[in-house]
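Okay, so here's the structure we're looking at.
Note on naming: letters A, B, ... go to the chains in the order of the sequence lines (proteins, then strands), and numbering restarts at 1 for each one. Heavy-atom basis, side chains included; hydrogens, waters and symmetry copies ignored.
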Amino acid sequence: MAIEKFITITSTCVPLSIENVDTDQIIPARYLKATSREGFGDNLFRDWRYDNNNNPKPDFVLNNPLYKGKILVAGKNFGSGSSREHAAWAIYDYGFRVVVSSFFADIFKNNALNIGLLPVQVSERFLARLFDIINKNAGTEVKVDLENQLITIVPTGESEKFEINNYKKTCLLKGYDDIDYLISLNQKIINFEQNR
Amino acid sequence: MAGKTLFDKVWDSHVVEQIENGPSVLYIDRHLIHEVTSPVAFAGLEKRGLKVFRPQLTIATVDHNVPTMDQHLPIRDMLSKSQVDKLTENCNRHGITLFGLNHPYQGIVHVIGPELGLTLPGMTIVCGDSHTATHGAFGSVAFGIGTSEIEMVLASQCIMQPKPKRMRITVDGILKKGVTAKDIILYIISKISASGGTGYFIEYAGSAIRSLSMEARMTICNMSIECGSRGGLIAPDDITFNYIKGREHAPKGKDWDKAIEYWKKLRSDDDATFDLELKFDAADIEPMITYGTNPGMGIKITEKIPDGSSLTESEKPSFFKSLQYMDLQPGTPMLGRKIDYVFVGSCTNGRIEDLREFTRFIKGRKKADHVTAWIVPGSKQVEKQAQNEGLVKILEEAGFKLRQPGCSACLAMNDDKVPQGKYAVSTTNRNFEGRQGPGARTFLASPITAAAAAITGKITDPRELL
């Protein structure tokens, strides 16, 4: 069962200039009761996005019609807290394919990579620049090139390299997932069990 | 050859294959599952036409969304019920042992593993829950995983995982009166921040850690994830072995002797090196409480809320947003602040020792009238023990009631939700916005600090009542 291939994405961005965005903000626990993976995007950032009467809060960025796109740009330590993969599902289901931050929580990063959502870790300086440019012009396009591990602010040409381990990079470029690989190791795993 | 850390010893002995510049293929000894994060993994497995590779190495229970009252009745919340039913169906179909609702072993997944002797030194243990780090207290490598990773373990008993860096946190010295394991870990997180451990696996060491009981050690390891660390572990010793001995799934007879021999080797070599070493003095630690919306926002209970002046420009918006959510003013004290709820429970502080400490504190006193208190045991066994030891009676005499086991108000998936705008002193692990219910405001603290608040109805230094 493959994941969607990721090669290059050029898109406008949605800026969320808050630090320590935790998994309970991304998707509150009371929305984890489904037994299938569909529809989590509707509850992405639920309590920041809607008031008690389910009306959209106009000051939250997802409700601002100026900002759209496949790239979410967020403050440092994004995705801290719970191991719920639902957080990555919600972001993906909403339509994002990239999250840019200066720092990601470990479990969130793994979860995102496992479903084909690319976490792009940039320097504090680049992140600050990105927020600045997007805030001035919501139409700013950003290009994320996985093959070359490069993120570029299209109109200014400013760019930065980002890290990703080769294995995960190949998985994303080709649309492979880990389970296919683990299944192929079946005999090796059995040998490991027998030789302990 | 340089010595190895405890973490390296356990990790390296489970590597089936190492991918160059990539993750390790890590063999998993114990896989724990629950109703919330597993259904999509089973669905994925079945879509691929696969069976569970080693069903006897996975153990299931229901904890996250179950009610903590009237557990003998059908679950009323239909969505929760469907997750519990789905887990039951999946376990039946794949031959996985399930401790379902009303089973004498049901409980919070990280409480039942140790109490059944399923958690042993030197193991690799994973679960679709970030507080899996709890099991590290036994000298195992234990960490939380996502649903795709659950599917990996079901399919192959292995997981693909980049190896974290090593950190050692040493706490030496003697703890002051009224200072508990919860205060140690809240203190550490307040010093290194909610992201200071990201990328690392932590070994906790030092005389103050060694002096702790197993349950206290579990509280420390449990909250490793709250500083961003995937897990934390403590070298096993006689306290560990005595705890394990005789438990249902613990090795017996000759197997026990063999196990002990191996477990005694599970310590970091004297010449082992860590990527980061931090040292703290136990004498500096006091009862702690959090004031903000991440576990790093903690202070000594006698201190004032920071005024934010030492923060960087990029840190300020989150800090002030947090205080705004909590409706607290910078630079003001925590002591004396009126609270509405007290919650004692969770995988952090829902074990029998926690209930004993809480009960010892409230014995002969009365709960403040305006405080709603939820006391939730971590498991059926803890519940039974609390009854047998007479704790339930003492609780009732003081105006408290023991509920039934589950994660409850720690993450408020069930009906146990702190109402909007209300303040709760909670023995749990996260004070995130809305964690204990939409708009709920959480102060994290130890069971005795929670007890002091429950009695006085306000934030109180527990040492004043000891």
Side-chain angles (χ1 to χ4, degrees), chain A residues 1 17-25 28-30 32-37 46-48 52 75-77 80-89 102-108 110-111 114-115 124 127-128 165-168 170 177-183 185-186 188-189 191-193 196, chain B residues 16-17 19-23 25 27 36-37 39-40 43-44 47-48 50 53 64-65 77 79-80 82-83 86 128-130 132 144-149 151-152 155-158 160-162 164 194-195 198-199 225 228 230 294 314-315 317-318 321 411-413 420 430 432-435 438:
Chain A
M1 209 162 53
S17 58
I18 305 274
E19 296 188 344
N20 299 313
V21 174
D22 62 67
T23 47
D24 288 62
Q25 305 323 310
R30 60 188 192 281
L32 305 182
K33 291 184 182 175
T35 52
S36 73
R37 237 190 87 159
R46 180 77 207 190
D47 293 338
W48 285 351
N52 290 344
K76 81 172 174 201
N77 196 27
S80 57
S82 156
S83 64
R84 61 187 70 160
E85 195 169 299
H86 311 65
W89 297 342
S102 56
F103 199 82
F104 288 95
D106 285 336
I107 308 184
F108 176 81
N110 275 4
N111 286 343
N114 282 339
I115 66 157
E124 291 284 354
L127 185 69
N165 76 58
N166 272 335
Y167 169 81
K168 269 296 166 197
T170 308
D177 77 9
D178 287 344
I179 295 173
D180 300 328
Y181 183 73
L182 287 169
I183 297 304
L185 292 182
N186 185 270
K188 209 167 174 176
I189 296 167
N191 292 345
F192 176 88
E193 288 177 323
R196 304 181 79 187
Chain B
V16 174
E17 182 174 274
I19 295 171
E20 214 183 320
N21 294 324
V25 176
Y27 190 83
V36 174
T37 56
V40 173
K47 210 165 161 187
R48 293 171 203 261
L50 296 172
F53 181 60
H64 276 63
N65 75 25
D77 179 335
L79 288 171
S80 297
S82 88
Q83 282 190 325
K86 198 75 193 169
D129 184 279
S130 60
T132 308
I145 59 175
T147 298
S148 296
E149 294 169 320
E151 193 179 336
M152 292 180 208
S156 68
Q157 204 55 36
C158 289
M160 313 275 298
Q161 208 65 203
S195 59
T198 305
I225 185 68
R230 204 63 193 275
N294 75 58
S314 72
E315 287 168 341
S318 302
K321 182 177 187 297
L411 82 168
M413 271 194 88
Q420 177 129 19
R430 291 194 176 127
F432 295 159
E433 282 184 35
R435 172 79 177 182

CA sep, side-chain torsions, deciding dist, call: B:E151, A:D178, side-chain contact (heavy atoms from CB on, under 4.5 Å): CA-CA 10 Å; B:E151 193 179 336; A:D178 287 344; over 6 Å; no
Verdict with reasoning, A:H86 to B:T37, per side-chain contact (heavy atoms from CB on, under 4.5 Å): CA-CA 8 Å; A:H86 311 65; B:T37 56; 4.0 Å; yes
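In this structure a side-chain-to-backbone donor-acceptor pair under 3.5 Å is present from A:Q25 to B:E433. Remark: the backbone N or O of A:E19 is paired with a side-chain donor or acceptor of B:S318 at under 3.5 angstrom. With A:K33 contributing its side chain and B:M413 its backbone, the two residues share a donor-acceptor pair below 3.5 Å.
Only the side chain of B:N294 comes within contact range of chain A, with at least one heavy atom under 4.5 Å from a heavy atom of that chain. When heavy atoms are compared at a cutoff of 4.5 Å, A:N111 approaches chain B solely by way of its side chain, counted from C-beta outward. Within the 4.5 angstrom heavy-atom criterion, atoms from both the backbone and the side chain of B:V40 approach chain A. If you measure heavy-atom distances from A:Y181 to chain B, the contacts under 4.5 Å come from the side chain alone.
The distance from the OG1 atom of B:T147 to the CZ atom of A:R84 is 11.0 Å, given to the nearest 0.5 Å. With rounding to the nearest 0.5 angstrom, the CG atom of A:D106 is 9.0 Å from the CD atom of B:Q161.
Heavy atoms only, all atoms of each residue included: B:A155 and A:I179 are closest at CB-CG2, 4.1 Å. Across every non-hydrogen atom of B:S130 and A:S82, the tightest pair is OG-CA, 3.7 Å. Pairing each heavy atom of B:R48 with each of A:D180, the nearest pair is NH1-OD1, 3.2 Å. Scanning both residues, A:N77 and B:A194, for their nearest heavy atoms gives ND2-O, 3.9 Å.
Taking 4.5 Å as the limit, every side-chain heavy atom of A:R46 sits out of range of all side-chain heavy atoms of B:P438. Side-chain contact check for A:I115 versus B:S148: some heavy-atom pair is nearer than 4.5 Å. Taking 4.5 Å as the limit, every side-chain heavy atom of B:I19 sits out of range of all side-chain heavy atoms of A:N165. A 4.5 Å side-chain heavy-atom check between B:Q157 and A:F192 finds every atom pair outside the cut-off.
Classification of A:D22 and B:R430 as a salt-bridged pair fails, no side-chain N sitting under 4.0 Å from a carboxylate O.
Residues B:E20 and A:N166 have side chains that never bring a donor and an acceptor to within less than 3.5 angstrom of each other.
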